[in-house]
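Contents: one structure, followed by commentary.
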There are 4 protein chains.
Amino acid sequence: MSITTERPVAGVRERFRAFTDEVLAAAPLPGPETVYDDRHPLWAEFRAAGLPNWWLPARFEGPGVSLLDSVGLAYHDPGFAFTAFLPVLGSRMLELYGDPALADEHLSKMTAAGSFTAALGSEAVAGSELTRTATTFRREAGTLVLNGEKAFSTNLAFAPFVLVLARNEQDERDFSVILVEAGTPGYEVGHRWQMSGLQGTGTYAARFTDCAVPERNELRGNGIRVLEVGLNASRILMASISIGIARRVRDLSMDYAATKSLEDRPLQHNAVFQSRMGQLEMEIEVLKSVCRRAAADYDAVYTDPDPSATFYKQGVVKSAIAAKMHCGQAGWRIVSQASEGFGGLGYTEHHPIQRLMRDMRHISIVECGDDVLRGLTYARYVKRPSQRG
Amino acid sequence: MSITTERPVAGVRERFRAFTDEVLAAAPLPGPETVYDDRHPLWAEFRAAGLPNWWLPARFEGPGVSLLDSVGLAYHDPGFAFTAFLPVLGSRMLELYGDPALADEHLSKMTAAGSFTAALGSEAVAGSELTRTATTFRREAGTLVLNGEKAFSTNLAFAPFVLVLARNEQDERDFSVILVEAGTPGYEVGHRWQMSGLQGTGTYAARFTDCAVPERNELRGNGIRVLEVGLNASRILMASISIGIARRVRDLSMDYAATKSLEDRPLQHNAVFQSRMGQLEMEIEVLKSVCRRAAADYDAVYTDPDPSATFYKQGVVKSAIAAKMHCGQAGWRIVSQASEGFGGLGYTEHHPIQRLMRDMRHISIVECGDDVLRGLTYARYVKRPSQRG
Amino acid sequence: MSITTERPVAGVRERFRAFTDEVLAAAPLPGPETVYDDRHPLWAEFRAAGLPNWWLPARFEGPGVSLLDSVGLAYHDPGFAFTAFLPVLGSRMLELYGDPALADEHLSKMTAAGSFTAALGSEAVAGSELTRTATTFRREAGTLVLNGEKAFSTNLAFAPFVLVLARNEQDERDFSVILVEAGTPGYEVGHRWQMSGLQGTGTYAARFTDCAVPERNELRGNGIRVLEVGLNASRILMASISIGIARRVRDLSMDYAATKSLEDRPLQHNAVFQSRMGQLEMEIEVLKSVCRRAAADYDAVYTDPDPSATFYKQGVVKSAIAAKMHCGQAGWRIVSQASEGFGGLGYTEHHPIQRLMRDMRHISIVECGDDVLRGLTYARYVKRPSQRG
Amino acid sequence: MSITTERPVAGVRERFRAFTDEVLAAAPLPGPETVYDDRHPLWAEFRAAGLPNWWLPARFEGPGVSLLDSVGLAYHDPGFAFTAFLPVLGSRMLELYGDPALADEHLSKMTAAGSFTAALGSEAVAGSELTRTATTFRREAGTLVLNGEKAFSTNLAFAPFVLVLARNEQDERDFSVILVEAGTPGYEVGHRWQMSGLQGTGTYAARFTDCAVPERNELRGNGIRVLEVGLNASRILMASISIGIARRVRDLSMDYAATKSLEDRPLQHNAVFQSRMGQLEMEIEVLKSVCRRAAADYDAVYTDPDPSATFYKQGVVKSAIAAKMHCGQAGWRIVSQASEGFGGLGYTEHHPIQRLMRDMRHISIVECGDDVLRGLTYARYVKRPSQRG
């Protein structure tokens with residue numbers, strides 16, 4: 001199942017599997033201080049294997065293969081998986097709506113360096129309501145001048161360039177996505193957020209104070225729509241993290257049930273336990289089905305003759321938001337159930353199920369919570385009969 | 001999305017759509033006395049359109065197209081949909097494991113006549129535990145002689161031939177599926193069951209008393225495995241009925257919300273209502289994803305060079321049982337929620353939501369309940385690490 | 001646990017138990033044509049035992065005992081239980097807010113005759129939004145003249161007097177509850193509704209056309225508040241019906257599990273089955289706890305020196321609406337789960353679980369659905385910190 | 001609502017309220033290093049107010065008042081609440097089944113010092129299956145000699161005496177609860193467990209190596225039954241912690257909704273938000289109902305003429321285990337829902353909802369998980385018709 005299918009570079013999948021099964025599986029889990037940035041040894045190995053930004057197409061010298069391969073990453077380390085795929089949000093916006101020369105310059109460098117990009121959408125007051133974005137830009141002497149604060153941006157601190165959603169100072173209904181290079185005067189990375197789960201992920205606040213960038217750094221089209229298109233890919237990957245976590249939960253439960261005894265028999269012979277595992281396996285199958293269909297729908301647009309236009313017209317990919325909602329909801333049911341299955345030990349701080357529970361929680365929260373997505377689904381797909389599925 | 005893809009007959013989908021949108025949509029709903037048999041006017045129209053048994057391949061002169069087209073049927077009439085697709089269970093067993101001449105004879109006739117077949121698996125005591133089947137056969141002078149009673153078989157009373165699971169009188173571990181033609185002495189159709197939902201569906205008991213059939217009527221392979229293979233297709237279709245019902249529930253809710261007012265505004269402007277509809281639309285999307293993936297997995301085997309062997313080796317298609325489980329569970333959540341949304345009127349006997357609720361209930365019950373399927377999933381796909389998804 | 005505790009008539013509980021265990025348990029279940037009115041043989045036996053309107057206090061010669069004794073009725077026949085307790089809604093309004101002589105006249109007769117009363121609140125357009133009531137009254141020459149239509153009223157057709165919520169023609173913010181005797185010109189009983197469950201219950205529409213009644217028939221206080229007070233008792237009893245149904249579901253499941261075998265052992269030895277039954281028993285315990293507390297809270301007001309004033313001030317009893325919400329929600333989970341436990345037979349029309357499921361459904365629907373009650377709970381008990389529990 | 005009602009000491013409730021509202025509400029929340037032991041300043045203030053072990057009856061100079069007053073503690077600090085009430089488990093066993101002089105000695109000291117006791121039941125291998133207890137005792141020259149390891153015991157490290165469940169070395173079906181004083185040779189406190197939630201609670205492992213205590217330290221009766229009786233009180237209190245947490249969650253949500261805006265209005269005006277809060281308030285009401293009924297049932301036995309015998313005969317109080325199960329399950333639904341309501345900020349490590357979620361999780365886990373309690377409920381209350389509720 002692939003998202004980007006043009007000229008897959010031979011052996012990427014094999015190298016992916018080797019990295020996940022050998023390197024990542026053997027690595028220690030990240031702690032609260034860990035940041036998976038470009039100086040972290042795991043990232044170095046990931047880069048050495050030619051894997052960062054595996055969705056970047058051949059015209060930027062990228063591997064151009066499936067996003068869903070990140071499932072293996074999530075099984076071993078959801079934080080690493082999240083770090084590794086989040087650049088798709090920014091890079092895809094730039095690829096589809098950036099000035100071709102600008103895109104080529106930054107994305108080719110990104111392939112070569114195995115480096116990062118970050119997107120800056122959410123703000124403290126606006127939350128997920130992008131139309132209330134308070135960060136502004138103004139056009140001034142061939143430049144765009146940014147002012148404002150952004151709340152959550154993953155990979156920001158070590159991204160050579162970032163993509164910022166801002167509102168036109170002169171026209172409050174005009175939004176743009178604007179590329180800002182690291183080091184530009186007036187662009188300041190803020191504090192790191194300490195998240196409940198997804199350790200290893202670096203998420204930061206940011207501030208822009210009269211930060212001027214060249215006009216060509218402005219992406220084509222309404223910024224809110226451009227961001228919406230970018231979010232499709234990252235939401236599918238976000239949803240797919242649930243598969244890795246759920247598979248890990250299953251294996252952890254089975255390992256426990258092989259050693260724990262109940263009524264003088266291993267727990268794995270207990271019918272209630274088996275029934276739950278049967279249900280869990282079914283739910284994993286469903287997680288996969290929804291992620292694969294969303295990826296296939298995304299692919300169908302991405303391999304269209306004019307994906308920029310088609311995506312722009314369509315905005316949200318319906319099955320992508322359905323995937324994020326379903327995987328967040330079903331994933332939470334899975335960890336809620338499983339977290340009762342390890343007795344008192346399972347309630348201790350360092351038991352793996354505690355970490356898996358916290359990691360799963362984020363799926364329903366990041367990149368728009370379910371309330372926002374339900375509202376969006378209603379407005380776009382239910383209200384008018386012709387749009388219904 | 002197709003299950004059988006060889007030589008699709010031109011225009012089948014169009015005729016399907018015409019039948020569902022024009023004929024079925026306009027037909028009165030079935031009552032408790034209705035039976036969709038070959039004499040029913042709707043079936044006559046369905047037959048006139050060349051649609052019955054639309055999955056039968058070209059070598060039996062069948063249309064050979066996708067099973068999932070039945071979704072439109074379920075939207076208008078889940079009982080008609082169930083009646084129309086259930087013959088796939090018997091016909092597919094015969095197609096894959098019957099004597100070629102026997103299969104050709106019966107299935108070509110089936111295409112020509114737009115007629116039925118039925119399978120006889122469940123029994124009163126054994127329930128869904130097929131290994132406890134008490135109906136027997138013995139080999140006697142070139143014939144197979146059947147004895148026993150069967151519990152639930154849909155379309156039985158008007159099926160020219162049926163497929164019976166029986167146990168060898170001489171070897172209790174030997175099971176076979178055996179074809180019996182209507183009118184064979186000793187084969188008697190029992191009473192019709194009055195079901196809670198799916199009106200129009202004719203489901204019957206049966207009895208065999210020294211019923212002798214030629215030896216060639218025995219299908220190849222262990223009968224339990226053969227039935228398991230047959231159930232794959234019907235379980236996928238069973239699951240897909242949930243899509244039709246859920247879409248109907250959504251449209252019914254939206255129609256109500258356009259006329260019902262709450263706090264001086266139409267209910268459709270109420271945020272709680274909109275949020276539920278957004279969630280429902282997401283769930284419909286998920287129902288589709290799991291049914292399509294199951295169909296694609298089924299197809300991949302069916303279009304294999306030797307589908308009989310491959311299916312036989314694999315038995316259950318994992319995503320098919322996942323689809324039946326998920327769609328039954330999610331479907332029930334959907335109608336449970338929706339059935340609260342129509343006030344007191346929605347609790348009256350003839351309100352459509354009552355019928356939709358009863359129709360949805362069957363998905364988790366027929367062709368093995370969830371407890372059985374969870375046990376099966378555990379045993380096949382969870383127990384040994386190598387089988388896990 | 002009693003709702004009305006003044007001068008309990010000796011032996012009422014024993015006679016209740018005798019009626020439920022001997023008479024009701026042995027009676028055939030009601031069919032769609034059954035109406036539990038004053039001519040029905042079961043009602044005659046109920047009356048002969050001195051049980052109708054068991055909450056009526058001693059000053060009207062009533063038994064004055066606990067409403068919660070109706071749990072036994074619901075176990076055997078939820079429709080009879082509903083019929084038997086619904087008069088509490090009207091009689092309590094009259095008792096608390098009616099002209100004393102009027103109350104005495106009608107309620108003493110009610111005790112003597114073991115007869116009914118009914119309340120008319122809901123309307124087709126207004127639904128549960130009582131402030132949108134369209135039935136009107138006007139004051140004219142010492143009478144009150146009613147006009148309008150009412151939607152659902154249980155026991156209406158055989159109630160010697162009924163209580164009607166109406167709006168003042170001259171002042172749209174003025175509502176009253178007005179007593180109308182059967183046979184008053186201009187008061188017409190409409191068609192009977194065929195309900196999905198609760199067979200035996202007679203629920204009717206009604207119409208008022210220039211229907212004039214004496215001024216003394218108007219109850220004191222704002223009609224909406226008066227009706228709200230009346231609903232407290234009936235909502236507690238409505239909630240308590242879930243206990244009877246849930247207990248029946250449990251016993252039915254246990255009976256089935258004693259005869260049904262699974263893997264060569266009775267189903268009752270199966271750990272998954274046992275686990276579900278353990279959960280069900282816990283849920284029954286919770287249903288009881290919430291009903292008893294609501295009844296105790298109600299009692300505390302009813303036995304207050306001035307219950308009319310105290311109830312009027314308080315309106316809704318918080319634990320009463322919590323009981324109705326919880327019992328409806330938990331009850332539906334119970335029957336949803338249980339309805340999967342009887343195999344194909346459980347899906348046949350006349351299997352008891354089908355009836356129990358339909359009976360349980362009404363708890364979340366009648367006397368205001370959960371959406372309305374959640375809104376009310378928020379407005380009264382959450383919005384201001386001082387009101388929170 | 002009281003558990004122990006004999007001679008309530010005047011003003012205890014007022015002092016409780018003063019402590020919770022003034023001292024505890026103003027105290028900093030505990031961190032991972034905090035231990036609420038007898039040297040902690042908060043405990044010192046609690047002791048100065050005469051509140052520790054508030055359930056101890058007057059004959060041990062205790063306040064003898066309701067256990068449920070701990071709800072206020074849980075609102076502010078579930079870890080403090082858990083620490084404060086857990087001594088009830090040990091003290092109640094000693095009070096009911098200990099040698100009177102021994103009980104008097106230790107419990108009077110406990111009142112005077114405001115000190116702790118701890119119970120040692122669970123073990124690493126046995127888990128919640130007490131019949132598999134591997135810690136042993138033998139009778140030797142007028143002493144009892146203990147050997148073995150225990151897994152989880154709260155307050156152990158600072159308890160002057162503890163109560164240990166052990167199996168007779170000579171008779172594997174003979175269990176006793178034995179009192180061991182701190183400092184007894186051969187009794188060693190193990191490491192502290194780092195729990196996921198309930199910070200401030202000190203929970204420890206322990207080891208006994210030929211630890212000899214006088215014979216009179218053995219409590220009367222079968223040790224497993226004695227522990228079961230002790231657990232009744234602590235399970236009711238455990239369940240009641242859910243009330244405090246749920247109330248905190250509600251207030252936190254309301255505070256957020258007053259400042260957060262959505263579509264240009266405060267979130268608190270949003271109908272979906274209000275509906276959830278209405279549901280939450282209803283669920284809080286239900287939590288209270290089940291805890292109060294369990295406490296009342298417990299009281300009814302405790303104030304019996306011979307509570308030791310009555311409790312011993314009855315063992316588990318049915319409504320106590322129902323309360324623990326329901327509150328754990330409903331509590332988890334509450335925090336699961338609420339944890340989605342604070343956007344990205346709610347996913348940061350130090351947001352209060354993260355702590356509340358972790359605190360709530362323990363209710364379904366400690367003192368026997370739901371699987372064990374469902375099995376116990378089935379065996380005691382469902383299996384035989386005469387025991388059913």
Side-chain angles (χ1 to χ4, degrees), chain C residues 1 243 246-247 250-251 253-255 257-258 268-269 271-294 296-297 318-327 329-330 370-385 387-389, chain D residues 1 243 246-247 250-251 253-255 257-258 268-269 271-294 296-297 318-327 329-330 370-385 387-389:
Chain C
M1 190 57 46
I243 304 172
R247 291 175 59 234
R250 175 200 60 203
D251 293 347
S253 300
M254 288 298 291
D255 291 348
Q268 66 189 357
H269 293 150
V272 175
F273 173 79
Q274 292 181 356
S275 177
R276 273 192 205 127
M277 287 295 112
Q279 173 79 12
L280 172 51
E281 191 73 15
M282 177 277 277
E283 300 210 58
I284 290 172
E285 203 70 9
V286 173
L287 298 176
K288 285 181 181 177
S289 298
V290 300
C291 289
R292 287 184 191 183
R293 177 155 167 245
D297 285 356
K318 187 182 182 184
S319 54
I321 53 174
K324 184 168 129 42
M325 277 197 272
H326 174 79
C327 292
Q329 294 175 16
D370 281 5
D371 280 337
V372 174
L373 295 180
R374 276 188 282 258
L376 190 158
T377 302
Y378 177 81
R380 305 252 176 115
Y381 302 114
V382 185
K383 212 166 164 181
R384 278 161 302 165
Q387 305 301 313
R388 295 178 195 162
Chain D
M1 189 59 44
I243 304 172
R247 291 174 60 234
R250 175 200 60 204
D251 293 347
S253 300
M254 289 297 292
D255 290 348
Q268 66 190 356
H269 293 150
V272 174
F273 174 79
Q274 291 182 356
S275 177
R276 273 194 203 124
M277 287 295 111
Q279 173 79 12
L280 172 50
E281 190 73 14
M282 177 277 278
E283 300 209 56
I284 290 173
E285 202 70 10
V286 173
L287 297 176
K288 285 180 180 176
S289 296
V290 300
C291 289
R292 287 186 190 180
R293 176 155 167 244
D297 286 355
K318 187 182 182 183
S319 55
I321 53 174
K324 185 169 128 40
M325 278 196 272
H326 174 78
C327 293
Q329 294 174 15
D370 282 4
D371 280 337
V372 173
L373 294 180
R374 277 188 281 258
L376 192 157
T377 301
Y378 178 82
R380 304 249 176 118
Y381 302 114
V382 185
K383 211 167 164 181
R384 277 161 302 163
Q387 305 302 311
R388 295 177 194 160

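Chain naming here is simple, since letters A, B, ... match the order of the sequence lines and numbering starts at 1 in each.
- Looking only at side-chain heavy atoms (C-beta outward), D:Tyr378 and C:Gln268 come within less than 4.5 Å of each other.
- Looking at D:Asp370, there are no atoms closer than 4.5 Å to chain C (heavy atoms on both sides), in backbone or side chain.
- In this structure, the side chain of C:Arg293 engages the main chain of D:Glu285 through a donor-acceptor pair within 3.5 Å.
- When all heavy atoms of C:His326 and D:Val286 are compared, the pair lying nearest together is CB-CG2, 3.6 Å.
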- Message: Test side-chain contact (heavy atoms from CB on, under 4.5 Å) on D:Met282 and C:Arg374; report intermediate values, then the result.
- Response: CA-CA 8 Å; D:Met282 177 277 278; C:Arg374 276 188 282 258; over 6 Å; no
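- Neither the backbone nor the side chain of D:Glu283 comes within less than 4.5 Å of any heavy atom of chain C.
- Of the residues D:Lys318, D:Gln387, D:Arg388, D:Arg380, the one that meets the side chain to side chain donor-acceptor pair (under 3.5 Å) test with C:Glu281 is D:Lys318.
- Contacts of D:Arg250 with chain C are made by side-chain atoms alone, with heavy-atom separations under 4.5 Å and no backbone atom involved.
- Closest non-hydrogen pair, D:Thr377 versus C:Gly278, comes out as CG2-O, 3.6 Å.
- By number of non-hydrogen pairs under 4.5 angstrom with chain D, the leading residue of C:Leu280, C:Asp251, C:Ile243 is C:Asp251.
- Note that the CG atom of D:Asp371 and the CD atom of C:Gln279 stand 10.0 Å from one another [nearest 0.5 Å].
- Proximity to chain C (any heavy atom under 4.5 Å) is restricted, for D:Lys383, to the backbone atoms N, CA, C and O.
- Each of D:Met254, D:Met325, D:Lys288 has some count of heavy-atom pairs under 4.5 Å with chain C, and the biggest count is that of D:Met254.
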